[in-house]
Amino acid sequence: MKRKIVTLLLCTACFSYANSQPPHVTNKTAFINNLMSKMTIDEKIGQLNLVTPGGAVTGSVVSQDVDDKIRNGLVGGLFGITGPTAVRQAQDIAVKNSRLHIPLLFGLDVIHGHRTIFPIPLGLSCSWDTALIEQSAAIAAKEATADGLNWAFSPMVDIARDPRWGRVAEGSGEDPYLGSKIAAAMVRGYQGSNYDSAIHLMACVKHFALYGAAEAGRDYNTVDMSRIKMYEYYLPPYKAAVDAGVGSVMSSFNEIDGIPATANKWLLTDLLRKQWGFKGIVVSDYTAVSEMIAHGSGDLQTVSALALKAGLDMDMVSEGFLTTLKQSLKEGKVTEQQINVACRRILEAKYDLGLFANPYRFLDESRVLRDIMTDENRAAARNYAAHACVLLKNTNGVLPLKKSGTIALIGPLAQSQRNMLGTWSVSGDWQKSVTIDSGMRYVGGDSVNIIYAKGTNISDDTAFAKRVNAFGEEISIDQRTPQEMLDEAVNIAKNADVIVAALGEAADMTGESSSMTDISLPESQQTLLKALVATGKPVVVVLMNGRPMTLTWEDEHVAAIVDAWFGGTEAGNGIADVLFGNYNPSGKITMTFPRNVGQIPIYYNHKNTGRPYIEGQGTKFKSDYLDVTNDPLYPFGYGLSYTTFSYSDVSLDSNTISGNQTLKATVTVTNTGAVAGEETVQLYIGDPVASVTQPVKKLKGFQKIMLQPGESKQVIFNITSDDLKFYNSDLKYVFEPGTFIIHIGPNSRDVKSAMVNWDK
Ligand code: BGC
């Protein structure tokens, strides 16, 4: 994402903020009542206005005359600027030069790290390590607050079953249970306990709601789904963030039931506030208010009034609230009470963040050196980059690599600093990122000989490259011809013991507005890979990508595949730790990898249908395809290790159980290989008979354990009737007695199972 730091004019008239506050204000309601009693209607509407003077721009509109508006009390918050100096300048205008001295919120897309960039969220989710993910959000919050910010537009928790959608990179994959655990962990990491110190900030769960279900994976596209599907699969992670106390919610671009989310009263008021009890602020996505004109909901005045009445508090960039609400009030289209409610929520958020007590709470210039991009943060980033890696294939123990002999490191992503960070790393500096090449040389040490060739461009398609390169030259087209590059790579490969092919996507081939209909490796890279495989040398593919890709040919022909996603600032070191066995990979994919795009949408928690395809029972009149099997290439939850694990049968402490009793399901997992390793043991539950048909299985628990070679551990899952509940046709979350299948295993496919009868 592009960014520029914007200079705001600092007014010279100096006002002492502290003097403007009532003495010893301790009561939030009294304080806000008092403040609001002094506010004009323009100032109240001003609080609902979120502007950006530039910075990380994701729309065609940028706010104008920002400092004048702040001075006139017409801005509630700002995003797109960072650094305590720039933020202080803007806060000074609000606090010293506006009539009521109300401090501003300062937001930014802090998505996977702030200055120190961590793996993209989809990659980090593959760690299945919620403590690690919480810690990553806490570090991001510490860096962001040191940079003057008090609001992060994260976590993004949109469940996604379609890897064509570029924004799958920003979320935690396809599963509502895992997605909910991660959503809550991130909120805790960002916010601490009620912003207990200035190293925490307000989180913003997004994009509410169902944004991940855009038709055909095309960004911003229409969403249409049943309530049961929403409640069961798509809404739980947002709810988990709300339950974890998230301070704000961002409405999504898409429509729901024909009404854009940003003006959807059912969504923003009935569900979010009345059913879920959310008390914080709801902000629109970037120009989502004015985009409702194109959706077909009316002109700017109409859509702004609709949004306010539906429960939207803050308008990001559209300035529909700012420019039309007063007129709507005059015409009786909105009430002052509706404006007051939204304004109060924004003031409450500022109060909770401690901004009225000290508007400069997050502005401590000395923290920049102390807290940002520290050695400690980089070390954490390296560790996370290794934890995000998923070993998809490893034949004949080709991995880990020996720290001796000759390795041919080949591919357009091997030395590409620019592509290490991945999408949505607006404050990251790619020039500080570690490439695979430098990581391998550093971790491999002097006794290993690494020879490099680029081999090909990420893509040879110049028109495509131009679109991807909107924020910088991520796809650089070499001066040499494709044949010259290929020849060089093959010659180098012939002299090596093993080939490491660093292939995949450019950083912005995923992310916002980066949907793709073909999710295989670009043609130029396929040609290179085929030539490398033809040398007869073992080929290890290190994949950098922001989405599941179709890797059917690769899976068949290469020796090993490590999916490293986009690993962030320390990607190269983290990947090298995995390649050389300093860290034994333990990642498991959180989105199903299809065999081809025709299988999409594909996800593990699918329904059985009335005509399920069953292996060995013929295919005619079954729910399947003529040209490809139903199975994915790699199932949800799948990932290998340098060691192997065996699972005992599932033992239940009882086969009949009732009501509120707890069922204990146990497996013994043994490390049957030669090195220590971590394993994520997964619990799934199937409910073959229910008043609303249930998917073949649902993830209901997981435990990550470490086992030494030869060591066994019992893993026990305590299951209660809560784990068996589902949404019935009255949208009640109910338990229905019956027979359930308890599956435990290393992924969603290779499970062992036991049956239990659960009475009332
Ligand atoms: C994105 C949001 C982001 C916002 C502000 C939008 O285009 O959809 O995820 O938080 O821009 O940058």
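Counting starts at 1 for both ligands and their atoms, in listed order.
- Here Met156 has no heavy atoms under 4.0 Å from ligand 1, in either its backbone or its side chain.
- Tyr211 and Tyr220 have parallel rings, their planes meeting at less than 30° on a 0 to 90° scale where 60° marks the start of perpendicular.
- The closest approach between a heavy atom of Glu170 and any atom of ligand 1 is not below 4.0 Å.
- Near His207, meaning under 4.0 Å from any of its heavy atoms, are these atoms of ligand 1: 2 (C), 8 (O), 9 (O).
- We find that Lys181 and Glu134 are not joined by a salt bridge, their nearest charged nitrogen and carboxylate oxygen being 4.0 Å or further apart.
- With a heavy-atom cut-off of 4.0 Å, Trp424 touches ligand 1 through its side chain alone.
- On a distance-only criterion, Lys206 and ligand 1 share at least one N/O pair closer than 3.5 Å.
- At distances below 3.5 Å, at least one donor-acceptor pair connects side-chain atoms of Asn72 with backbone N or O atoms of Asp68.
- Interface atoms of ligand 1 facing Tyr286, defined by a heavy-atom separation under 4.0 Å, are 6 (C), 7 (O), 11 (O).
- Nearest to atom 6 (C) of ligand 1 by heavy atom, out of Leu50, Asp158, Asp285, is Asp285.
- For the ring pair (Phe, Tyr, Trp, His ring centres under 6.0 Å) test, residues two or more places apart in sequence or in another chain that qualify with Trp128 are Phe636, Phe702.
- A donor-acceptor pair under 3.5 Å is absent between the side-chain atoms of Thr82 and the main chain of Ser427, judged by distance alone.
- Between Glu512 and ligand 1, a contact under 3.5 Å exists for at least one N or O pair.
- Here Phe106 and Phe362 keep their ring centres 6.0 angstrom or further from each other.
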